[in-house]
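Counting starts at 1 for both ligands and their atoms, following the listed order.
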Amino acid sequence: MKICVIGPGYVGLVGAAIFADMGNQVVGLGKNKEKIDKITKGVMPIYEPGLSEIILKNVKEGRLKFTTSATEGIKESNVIFICVGTPQGDTGAADLTAVMAVAKEIGNNLNGYKVIVTKSTVPVGTNERIEHVVQENMPKGGEFDVVSNPEFLREGTAIEDMRNTDRIVVGAKNERALKVMRELYKDFDAPMMECDLRSAEMIKYASNALLATKISFINEIGQLCERADANVQVVAEGVGLDKRIGRAFLNATGVGYGGSCFPKDVAALYKTSTDQAYDFKLLRSVMEVNELQKFNFMKKITKAMDDNLSGYTFGVLGLAFKGDTDDIRESGAIKMIRMIRGHGAKLRVYDPAAMENTKKVLGHDGIYYSKDMYDTLEGVDALCIFTEWNEFKSIDLAKSKKLMKGSLLFDARNLLDQKAVEGAGFIYIAVGKRTNGYTEDGDIVSTAILRNGK
Ligand code: UGA
């Protein structure tokens, strides 16, 4: 099949790579010439394990190319994927400017029957708007169908997620479009769910919102566990064994969920509900809990430091919104760092992939960007772990203790083994469980005396 993928971001690049690798003829279309040239040479604008290799292989074997020419990209193809961004607008709704501009461009270049497939996350009713815009801009007698085909891949495991997806959702209006989609996905080992356009659009939002709900739910269970002296990790394990519930997305976190999808999509779905004169109360709570989670974790930090962070230095491991990505959009870690810095403390920070992105956003004021994990620990009064990178799990605790000045360790991801951390002489404060950082009454211990006489 001849495919054009518009928008060389996460979804677009991964889609282009996989479809080409499955034997299709694919052209990736973008606006920025420098970016497109780099992608062709295997230099990706995003950090995604394995992506560059697949792209280079398929470019070399002649199945994949990239261009900035809309005419070339669209006219040569019979299936056009829209994969441009839909960032959060001022009202909370998804900003559809880029999607509609692309729809116009497709209309302008329509030659022969094409299937226009939306992979960008778009609110209910958007595909009908796309259809309208294409119609308004196409030459007389132009033929096309719109299809909603939402994407469920996660950053960091995007290639694997697309290859081994649980399901392929295809919203379409007629058999002609469906036939093309069945042919396109015939080699994927996953059930294809065929439905109407609007339901397909809603499936994407409902999926992300439900996953975010699971996280906010377990975060609140964690709050209760701390108070009642239970352990949220054990509870998640036990609850997750129920196949109807499942263990996934039940990791409590002190920094809340982040990234370019959950925060924006939950807000957009809430906006859709209010637009439909419905108050989706549960979603409101999901968002509120997610914000509160960071403030609650910050309270633990300030309490342990006797409400005075000024003059202290914090080490921070993890800046990205989750492990295996360089993405810091809506990252809980960045928000925590802003709060810690706002309290007058200095920071030494490290992330295996997100250093450059963080420098652009936080600058250098009060922040030292460490060379590696252990450089971060040199002389710090307290250490915070904010992102779930595997690398941090195997940290040498004895070595870390020696490098640090203080002995406080705040683990906002429950990444480390409690016994090992406490055994190494740290005062450990984590999420949803009591540790040696708590008094018998469940309060955070005051560590003033323990911190080297400070
Ligand atoms: C998410 C969805 O998982 C994908 O299915 C979807 O395709 C994608 O959004 C999208 O809409 O494009 P992603 O944002 O890459 O993928 O990241 P996730 O792995 O879902 O994690 C989101 C956030 O939740 C991260 O901050 C992560 O640390 C947090 N999280 C995840 C938890 O706090 N606890 C968990 O148990 C799981």
Do Tyr47 and Asp327 have side-chain atoms, one donor and one acceptor, less than 3.5 Å apart?
no

Close aromatic pair by centroid cut-off 6.0 Å: Tyr185 and Phe19:
yes

How about Lys2: does its NZ atom have over 12 heavy atoms from other parts shown lying under 6.0 Å from it?
no

Side chain to side chain contact (heavy atoms under 4.5 Å, CB included) evaluation trace for Gln233 with Val431
CA-CA 9 Å; Gln233 285 171 288; Val431 186; over 6 Å; no

Near ligand 1 (heavy atom, under 4.0 angstrom), the protein residues are Glu151, Phe152, Leu153, Arg154, Glu155, Lys204, Asn208, Ile215, Phe249, Leu250, Asn251, Thr253, Tyr257, Gly258, Cys261, Phe262, Asp265, Phe321, Lys322, Glu388, Arg413

Salt bridge check, Glu160 against Arg163: does any charged N sit closer than 4.0 Å to a carboxylate O?
no

Could you give me the CA-CA distance, side-chain angles and deciding distance for Phe66 and Leu29, then say whether side chain to side chain contact (heavy atoms under 4.5 Å, CB included) is met?
CA-CA 6 Å; Phe66 292 90; Leu29 174 60; over 6 Å; no

